[in-house]
Every structure is written in C-alpha cells, then in structure tokens.
Engineer: 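Quick one: the structure is below, and I'll ask about it shortly.
Values below: every heavy atom of this structure, side chains too, minus hydrogens, waters and symmetry copies. Small disclaimer: the values here were computed from a predicted structure and weren't measured. The chains referred to below are lettered A, B, ... by the order of the sequence lines, with proteins before strands, and numbering in each begins at 1.
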2 protein chains.
Amino acid sequence: MDDIDRRIVQLLRSQARMSYAELARRVGLTSPSVQERVAKLERNEVITGYRAEINPEAIGLGITALVGIVTTAGAEYSDVADAIQEISEVESCYFMAGQESYLLKVRVGTMAQLEHLVTRLSRLPGVGGTRTTIALSTKWEGRPQPTDPDVPDPV
Amino acid sequence: MDDIDRRIVQLLRSQARMSYAELARRVGLTSPSVQERVAKLERNEVITGYRAEINPEAIGLGITALVGIVTTAGAEYSDVADAIQEISEVESCYFMAGQESYLLKVRVGTMAQLEHLVTRLSRLPGVGGTRTTIALSTKWEGRPQPTDPDVPDPV
DNA sequence: ATGCGCCGGTCGATGTCGTCCATCTGGCGA
DNA sequence: TCGCCAGATGGACGACATCGACCGGCGCAT
C-alpha cells in the first residue's frame, strides 16, 4: 500500500468504471502494472467491490429511515444481526455503543411499507424495541473522503 | 425505465465494472444498445456514479461514528448543511425529522480525530448541540436491495 | 563482491471490447 | 397508407485487457 496504490484507490472510489489504461496514465505506470495492483488490492480486501450509485427514488425507494434497535436482556447480539440480515430493506447495519445496540438504515417505497418493516423488525427474537426516525432528505451519501492516512492529523 | 433497464441497474449495482459486452449478454441485447441505455440512465440521473467500495480500515479510517446535530433556534437549515459539507470526514448527511435536524455518518482514524471533529461540528454557526454515538462494528453497509418489481415509472 | 531469487516493472502480441455509423424494424400519429 | 421516430442490429476500426517473456533493483547468503 504505497502512494500509487492510494491514488488508484482514490480514483476508483469516485470513478469505479475507469479503464486500466486511463488509471495507468493518471498514476504514471503501464496498464498491466495497474491491473496487477488493483488485483492485489482486491485480493487483500482493500477494495471489496464496485457499486453503481443509484438514485433511490428512481427505483421506487423514495423513503429512507433510520431504525435503532434495543435488544432484550440476554439476547445473543449476533443472532439478532443474523435475523436483521434476512430483511432486504435494511441497507446498512451498525453495531453501536449506547442504549440502542443496532442502528439500521432502511429504504422503502411507501409509509405503509415502512410500517410493515418496523413491525417485522420489532417482532424479531431478541428485539426489545425500535426507534424510527425518517430522513426528510438525503443531503449526500457515501461521499469518498480524501485519503491521506500517512499524515494522521493531531487534534 | 423498463425491465431491461432494471436488470442493467441491478447488475451494475453489484458489479459496477462489468463490461458492456457482458451486460449485453446477460440482458439479451447487443453491446451498443446496452451502452445507449446506460448512457440514458446516467443522463436521467438514475445512475449517479460508480464507486469502488473500500475497506475503511485499510485507508486509516477505522472509526465510524454517527453524529446527530441539533440546530439553534432561527438557524437556516440549508446554511448548516452547507457548512457541514465543507467537512470532509462527513461521509453522509441526512436531514431528519425529529429533534436532531441532521444525522451525519463520519469516519476518522483515531479517537483524537473524532474529538476534534465533534468540536469543529459543534462550533459551526447554527449548530446548537451534537450527540455522538460510536459504531463498534459495521455489520454491512450499502447493501443493494432487490429492485421492486412494481415500480412506478419515474420518466 | 558475487551470484541468486524475488518483486514489480515494461514491452509486445493477441483476442476482446468500446464506439461510431449505416441500416433496419415496429409502433404511432397525420 | 405513409412518414417519422425510437431503439435495435451488424460491421468496422481503434482502443483496451490480458498474457507471456524479459529486465532491472534489492536483499541476502555464500
């Protein structure tokens, strides 16, 4: 993981469909070298996948909500996570410090679907309660932030 | 936005670097047709970009936290959003219903950086208070969910 | 120092892909 | 019925991906 790797990562982070030839031009190497580096980054799970970013409204998922999950006393955390994973509307799932053990980002098309989803979540074994807040709008999401890990800003 | 478009979107959602030729084979069209459809999807902002998914720890961003922002009375919401947008550590920003007007997902490398970030956020004009919760682990994130079959055509 | 092996780079060749253009077809309105 | 247009096809050509062969620098043991 040197500077060239970091540049490649950053380029692919914002334009994942860029060709190897174009990447090569931008980092000053040849196409096969870049290809090998990218393959290695994928092998080492630095790059874990490539995603097209979709406008959720365009695919009928206009409602975004965040759901906090309070687990019941004695519930096995990982079992709860496994159960949540079965629910496709849950786009992201974080195991949190604090009263709510999990925080989920969910997307649905209608309020009725959201109601149904929250009901399903609250009935999962190990789930003691839910707290849902609706996102009125998404200002931005998944913005790639500048990579500069070799200069860890102090305070 | 027909069934073929939806299949293309779904394919690119999970494998954004797939070639047009491969897409064409999978949806049963020729490469130029697929290319034209993808171009149109991009033009209509159904597809808004292509992102490589990076393991945050590999680029020195091992700490994920969620920060709720309470705005001061009389603050202009959009000004607050603009100010937050200047801060690169904020990966996502949602305008929320509820007491906290904004919810931010932030990533940093160290607790010291998180402290500094929260301090900066709390000092922004219009920001009355913050509530930070740390993600102990990310179970999953940005998982593409199956496209609803009965979608209202947005075009 | 010398020689060896490894890592990572370049180069060249070949098959595939992206992209442009001409052409064709099916549906719709005049 | 005719003409028009959106969208598909097929061919051509330049660019790209990919593979093997080769090459240079580096660390290390002899």
Engineer: Find the distance B/L41:CG to D/dG7:P and express it as a whole number of Å.
Structural biologist: 11 Å
Engineer: Examine D/dA6: is either OP1 or OP2 under 4.0 Å from a nitrogen or oxygen in the side chain of B/K40? Give yes or no.
Structural biologist: no
Engineer: Would the number of heavy atoms belonging to other residues, nucleotides or ligands and lying under 6.0 Å from CZ of B/R43 be above 12?
Structural biologist: yes
Engineer: Quickly work out the B/M18 CE to C/dC17 P distance and round it to whole Å.
Structural biologist: 12 Å
Engineer: What do the steps show when you test B/L11 against B/I8 for side chain to side chain contact (heavy atoms under 4.5 Å, CB included), and what is the final call?
Structural biologist: CA-CA 5 Å; B/L11 287 165; B/I8 290 173; 5.6 Å; no
Engineer: Would you classify A/R25 as touching base, sugar-phosphate or nothing, given that sugar-phosphate means primed atoms plus P, OP1 and OP2, and contacts are heavy atoms under 4.0 Å?
Structural biologist: sugar-phosphate
Engineer: Nearest-Å distance, CD (B/Q35) to P (D/dG10)?
Structural biologist: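 In whole Å, D/dG10 P and B/Q35 CD are 16 Å from each other.
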Engineer: Counting side-chain heavy atoms from C-beta on, which of D/dT9, D/dT18, C/dG9 comes nearest to A/S31?
Structural biologist: D/dT18
Engineer: Could you state the atom-to-atom distance from CZ of A/R43 to P of C/dC7 in whole Å?
Structural biologist: 12 Å
Engineer: Report yes or no: do B/S122 and B/T119 form a side-chain donor-acceptor pair below 3.5 Å?
Structural biologist: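 Note: B/S122 and B/T119 side chains miss the donor-acceptor criterion.
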Engineer: Verify the neighbour count for atom CD of B/E42: are there more than 12 heavy atoms of other residues, nucleotides or ligands below 6.0 Å?
Structural biologist: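 For B/E42, atom CD is crowded (more than 12 foreign heavy atoms under 6.0 Å).
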Engineer: What's the CZ-C1' distance between A/R37 and C/dG8, to the nearest Å?
Structural biologist: 8 Å
Engineer: Please tabulate, one pair per line, all N/O donor-acceptor pairs under 3.5 Å involving side-chain atoms of residues 94-107 of chain B, not counting sequence neighbours.
Structural biologist:
| unit_1 | atom_1 | unit_2 | atom_2 | d |
| --- | --- | --- | --- | --- |
| B/Y94 | OH | A/K105 | NZ | 3.2 |
| B/Y94 | OH | A/E141 | OE2 | 2.6 |
| B/E100 | OE2 | B/R131 | NE | 2.5 |
| B/S101 | OG | B/T71 | OG1 | 3.2 |
| B/Y102 | OH | B/Y77 | O | 2.7 |
| B/K105 | NZ | A/Y94 | OH | 3.2 |
| B/K105 | NZ | B/E91 | OE2 | 3.2 |
| B/K105 | NZ | B/E141 | OE2 | 2.7 |
| B/R107 | NE | B/E91 | OE1 | 2.8 |
| B/R107 | NH1 | B/T64 | OG1 | 2.7 |
| B/R107 | NH2 | B/E91 | OE2 | 3.4 |
| B/R107 | NH2 | B/E141 | OE1 | 2.9 |
| B/R107 | NH2 | B/E141 | OE2 | 2.8 |

Engineer: Rounded to the nearest angstrom, tell me the gap between atom CG in A/D5 and atom P in C/dG8.
Structural biologist: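 Spelled out: CG on A/D5 to P on C/dG8 is 9 Å.
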Engineer: Give one of base, sugar-phosphate or nothing for B/S19, where a contact means two heavy atoms less than 4.0 Å apart.
Structural biologist: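 The answer is sugar-phosphate, as B/S19 gets under 4.0 Å only of primed atoms, P, OP1 or OP2.
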Engineer: Is the positively charged end of A/R13 above the ring of A/Y50, judged by distance under 6.0 angstrom from the centroid and angle within 45° of the axis?
Structural biologist: no
Engineer: Does the distance from a Lys or Arg side-chain N to an Asp or Glu carboxylate O, for A/R37 and A/D2, drop under 4.0 Å?
Structural biologist: yes
Engineer: Rounded to the nearest Å, what distance is computed from the CZ atom of residue A/R17 to the P atom of nucleotide C/dC17?
Structural biologist: 13 Å
Engineer: Once you build an axis from the first five pairs and another from the last five of the helix from C/dA1-D/dT30 to C/dA30-D/dT1, how far apart in angle are they, to 10 degrees?
Structural biologist: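 Axis-to-axis angle, ends of the helix: 20°.
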Engineer: Between C1' on D/dG7 and CD on B/E36, what's the gap in Å once rounded to a whole number?
Structural biologist: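 Spelled out: CD on B/E36 to C1' on D/dG7 is 8 Å.
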Engineer: Using a cut-off of strictly less than 4.0 Å, decide whether B/T30 has a side-chain nitrogen or oxygen near OP1 or OP2 of D/dT9.
Structural biologist: yes
Engineer: Between D/dA17, D/dG10, C/dT10, which nucleotide has the shortest distance from any of its atoms to the side chain of B/P32?
Structural biologist: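 Closest nucleotide to the B/P32 side chain: D/dG10.
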